[in-house]
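Okay, structure first, notes after.
Being a predicted model, the structure only gives us computed values, none of them experimental. Proteins come first, then strands; the chains are lettered A, B, ... in the order of their sequence lines, and each starts at number 1.
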4 protein chains.
Amino acid sequence: MNKHKRIGILTSGGDCAGLNAAIRGVVRCANQQGWEVLGICQATNGLMADPPNAIPLTVANVDPILTRGGTILGTTNKGNPFAFKFPDGTVGDRSQDIINGYYKLGLDVLIGIGGDGSLAILHRLAKQGKFNFIGIPKTIDNDVGITERSIGFDTAVTIATEALDRLHFTAASHNRVIILEVMGRDAGHIALNAGIAGGADVILIPEINYKLENICNAIQERQKRGQHYTLVIVSEAVCTEAGENMTKMEQFGQCRFGGIGQYLSDKIGEATGAESRVTVLGHVQRGGISSPHDRLLASAFGVAAVEAIAREEYDVMVTWQNREVITVPISEAIKTYRVVDPEGTLVKTARGLGICLGD
Amino acid sequence: MNKHKRIGILTSGGDCAGLNAAIRGVVRCANQQGWEVLGICQATNGLMADPPNAIPLTVANVDPILTRGGTILGTTNKGNPFAFKFPDGTVGDRSQDIINGYYKLGLDVLIGIGGDGSLAILHRLAKQGKFNFIGIPKTIDNDVGITERSIGFDTAVTIATEALDRLHFTAASHNRVIILEVMGRDAGHIALNAGIAGGADVILIPEINYKLENICNAIQERQKRGQHYTLVIVSEAVCTEAGENMTKMEQFGQCRFGGIGQYLSDKIGEATGAESRVTVLGHVQRGGISSPHDRLLASAFGVAAVEAIAREEYDVMVTWQNREVITVPISEAIKTYRVVDPEGTLVKTARGLGICLGD
Amino acid sequence: MNKHKRIGILTSGGDCAGLNAAIRGVVRCANQQGWEVLGICQATNGLMADPPNAIPLTVANVDPILTRGGTILGTTNKGNPFAFKFPDGTVGDRSQDIINGYYKLGLDVLIGIGGDGSLAILHRLAKQGKFNFIGIPKTIDNDVGITERSIGFDTAVTIATEALDRLHFTAASHNRVIILEVMGRDAGHIALNAGIAGGADVILIPEINYKLENICNAIQERQKRGQHYTLVIVSEAVCTEAGENMTKMEQFGQCRFGGIGQYLSDKIGEATGAESRVTVLGHVQRGGISSPHDRLLASAFGVAAVEAIAREEYDVMVTWQNREVITVPISEAIKTYRVVDPEGTLVKTARGLGICLGD
Amino acid sequence: MNKHKRIGILTSGGDCAGLNAAIRGVVRCANQQGWEVLGICQATNGLMADPPNAIPLTVANVDPILTRGGTILGTTNKGNPFAFKFPDGTVGDRSQDIINGYYKLGLDVLIGIGGDGSLAILHRLAKQGKFNFIGIPKTIDNDVGITERSIGFDTAVTIATEALDRLHFTAASHNRVIILEVMGRDAGHIALNAGIAGGADVILIPEINYKLENICNAIQERQKRGQHYTLVIVSEAVCTEAGENMTKMEQFGQCRFGGIGQYLSDKIGEATGAESRVTVLGHVQRGGISSPHDRLLASAFGVAAVEAIAREEYDVMVTWQNREVITVPISEAIKTYRVVDPEGTLVKTARGLGICLGD
């Protein structure tokens, strides 16, 4: 039962707060079992390299990293090994190289910490390479559907809320409209959660279509009530009224500067005459110190992943559901991309508070 | 359907972060309905007074209090109106005075924000007085059983974790045993959550019996591994080995100074020779600025309470269950006092991390 | 000596953390003397209005604002009353209207909290109107020359440093160049202070000319040493290599988007092939909660201003010099705009740490 | 001029925030010169050991520690090597062992980071052993007289202020007197600075004698004005009315529990009938994350110490004076223990704000 095992662990996709706490959880729990852990560097790149790029992880290595943001293993959010882009521009399938890396390291199981995209790729690799895999969900975007919570989201919301707290007072002092653009990929979770927690007057998320006219009306009604400033929080994935996703355009080089925040600032300024300012939080949201909540969740996930290994239960993802960490088949876990439910509790809360959602 | 209503709201029991966000949620949502809200001062004392002590609450009053700890309405955790202690030392039933206060104010419904004890008393008053009541759960102790989350807990855990983060470095620099005593009433939730999140080496909670010998062994094993310091977090309700609850003894005047933290420090020092220090966080845990999570939860609860009123659904408590706010009959809600489950996910996490739980 | 006085107080220029603590200090100290304080709204606009727009300030009003960012009196950083821009586009001298406002309110003295520009204007108004004036220096830019510290600077540096702390980990996890653009008007104090405190690898300030080549060399030397990421902090006033100040161009509508941060990101990406990202902190730097240091300084300045009034010492500014608050003639105070000294202690510190300053 | 050198560095006395930033500053600046740095473990104990206990410090070692509290070198605040207490209870002079350690390591100079006591001992050792020494002042107590600022003080004040911010709301919600006991050794700097910044109503410091009667009067006058709560901050070194220093008594085993905070709570409760609570911050004040100010100061001191070595200027301490870091002869530096000046700016500020100082 307590047969010796060698566990590989990697982090994949955009970094976030809590990754290191999950790595620490895995290493400490494996150490209790007397097992070995190898940390694989730079996501699947570390397995692709020949020889593979990996380092032994001990309790002494990981104890100081509990609170630290980012990932000591490095990560990348570029590239799919099934359609790998070589430096010369050609594209090829490097999946076998990764699988070979797994066997060269002599691993018994690979733990991957990633978002839905990364976990789907790792799952496919595991099936193809017939190796053991366990997934741990992380994403500041909170869009892995099957788990109530993913690593990194709480810290991102905390940082965005804190920014609203700060902007509140400068907006009020100068009678300004201040727009805060936050991350979230295709989902509005960060904007919605931070917007409610931080007292935003307008919250714009990709799941709900807005009209500029409605926003301007909300600003002007506030002015009539003597509130000469307005705080707007907008998810980066919100489109222009013409339907353009500026974040994606920027990625493809079609629009170098600005973003949806700047667009809204211009349009609101023109329509209402209000003085407006934009803050783009950017990578600050990925966090330096993990929130206690993210550390707790990550520690629980790390331990649960090792316990699944002890039960020889593979091809699962650990999830948080109703006060418990449970495992679910990974094929099921990656099926649902969870956006904000426009009929859900938090949208109802926002409407109940009288926050303008643009519709 | 949107018949005019006058809502009374009070806060009862120990204060915590998020109470003001809940009050704000109620007032903003009632304002959307065109309803009135009266804030009742100092818990049931405000209804007992003649005339009742209450103030009208408007959106302008409550908007600045979203982030603020404590409660603008004041509160008390003293006394049961069914066995009220008069200044002259006699005891009597003042429940009818409170009920009279409700009717004198012309209320249609009373919203009470409190822990299990306060909610049980308010529920009993509502039944006796045949008035409408809705409960919102708050407690830094996280011991209201039926809801996954209560207002104030997240902030308390955040503050206790931050204290561990700070103590970590001073303990390591001086090779000390540092003991942090935290709140929690009869449950170990704060100690367990903060202990995992803050990297404690020993976590002591009232739900798990400890032996001093086990703690001393853990300290000495760390020393053998070159870790010459140890962080201990202990819940105030943990008893001495002889079974004395020092917090309760202090309340009854039997022990003026010290607490379980000091007791452990002395015993550990004697047994191991280690230099040890104690920090008693005390009321700092009740918090100044609410965590984003507590503000979000409190806002959702405040809105949901008003929505229940709109549905004329009374004698319920709002709860957080599986990503949703739902209402449950209050009689059911107050039945379960939830302590830490010694077989639950978080205790398993702690054991998986190799943390000493004293058993 | 303790003759009754009516003090007017206003805040002028960009808002910052600590303004409210200074207002509170003035009101509490005046209250001890038995004097009245009127808060004038929206800087000199409140005096210009007919009737003047002012509110009585009491201890009860100001006690809750000690920690709050912004200014409860409102402010503006637009416009010089000697060349006032009317809505119809014409320009005129409205100085006499302000002076009239002073006399209509029956003030004995005006306390103005502002930066060098605002204080110079108020000083000129006081001379022209023959009224009593005392200045309190505030500026996140730290550019009022004669005082060691100005209100708002410490909080701005704290927030910028915290952003670097957070960016550090995401940069390292992804092997990126991350550029943080901070405020500072024409001086590099925020960038230099936060850059050292936050461990930036490159600090660019307007007082030191940079070459892109030097920055790229620093990035590449780090890569050679195995440090595949670089943190750059840049003051908004730093110009392009061609000498353009993008912040000023933006103000004049010549360049709608981007800023020096985006410019550097593009140039560095082109020259080194490194992946780079930009964060523009913007108004977040003006702060929500004042740092303890700013509150202490602001309280000391508020009290010292009232004590100067008690001594009937006017036309002075309060300053912090060598552990003491002392008064200096305002004419002298506003003479020196203090930029970063390229031979000073902090620049030497940056060089000693091996930080690239671009030269 | 750039002759190769081997620098030893140690930290001595109680730990505080910023020690690691100073170590990092020394190592990075020495690295620029091509010099070696040896980190000596556990203060002078590392030199006393045979062989000496020291580790080479490189830029890669120290870069991650910029923000971290405590000291990676370890420290001790026990013992004077001129009167060393052996385990068997005898006392002897071990100064020569330390001097031997210096020469065994082949050091060219020793940098010691410590408070006035530690620096005096190191200065005496350097004279006796005829070796080169440079001091860097650190103390959360801010009592090294000749420098405007010492490492660790700003972080300690920040943490104590934050505690007051939190206690404020719980005190107000429950109409309580809350007493916060803070560190400070024989000086009241932390209590005075944090008390003003955190809005305390009563500040008690050892430099000003108090009467309980005056404190009780202040509490009752607040009640008359409708402020039914009071925040008291007290320095650990404040004595009872009978003149007992409870912190010192505790050290000598004469009083196991409580402290001046508990004493005041009891006395105030008896005299006024107010409900009161005590928080003893303890080692939390020594800090986890250094404040930006402490990191900046520590970095500047670290660099300046190495620059002094480059100038072959020894037996000096680096100090902050009037915006500059300058060196002063160490014999002069340790002469003045700086307590709070009862006629100074901050005491005047406290009085001007109407804060009760007990006299």
Exercise. Taking it one step at a time, do D/Gln42 and B/Asn175 satisfy side-chain contact (heavy atoms from CB on, under 4.5 Å)?
Worked result: CA-CA 10 Å; D/Gln42 301 297 330; B/Asn175 293 342; 3.7 Å; yes
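The interface of residues 158-169 of chain B with chain D, defined by heavy-atom distances below 4.5 Å, comprises B/Ile159, B/Glu162, B/Ala163, B/Asp165, B/Arg166, B/Leu167, B/Phe169. For a heavy-atom cut-off of 4.5 Å, chain B lies close to D/Asp15 in residues 15-24 of chain D.
Looking at B/Thr71, both its backbone and its side chain come within 4.5 Å of chain D, counting heavy atoms on both sides. For B/Val284, the parts lying near chain D are the backbone and the side chain together; criterion is any non-hydrogen pair under 4.5 Å.
The backbone N or O of D/Leu281 lies less than 3.5 Å from a partner atom in the side chain of B/Thr279, making a donor-acceptor pair.
Top candidate by heavy-atom pairs under 4.5 Å with chain D, chosen from B/Asn77, B/Ile289, B/Thr76, B/Leu180, is B/Asn77.
D/Asp154 meets the salt bridge (Lys or Arg N to Asp or Glu O under 4.0 Å) test with no other residue; sequence neighbours excluded. Not counting sequence neighbours, the partners of D/Glu275 by the salt bridge (Lys or Arg N to Asp or Glu O under 4.0 Å) test are B/Lys78, D/Arg176, D/Arg277.
Minimum heavy-atom separation, B/Gly70 to D/Ser173: CA-OG, 3.1 Å.
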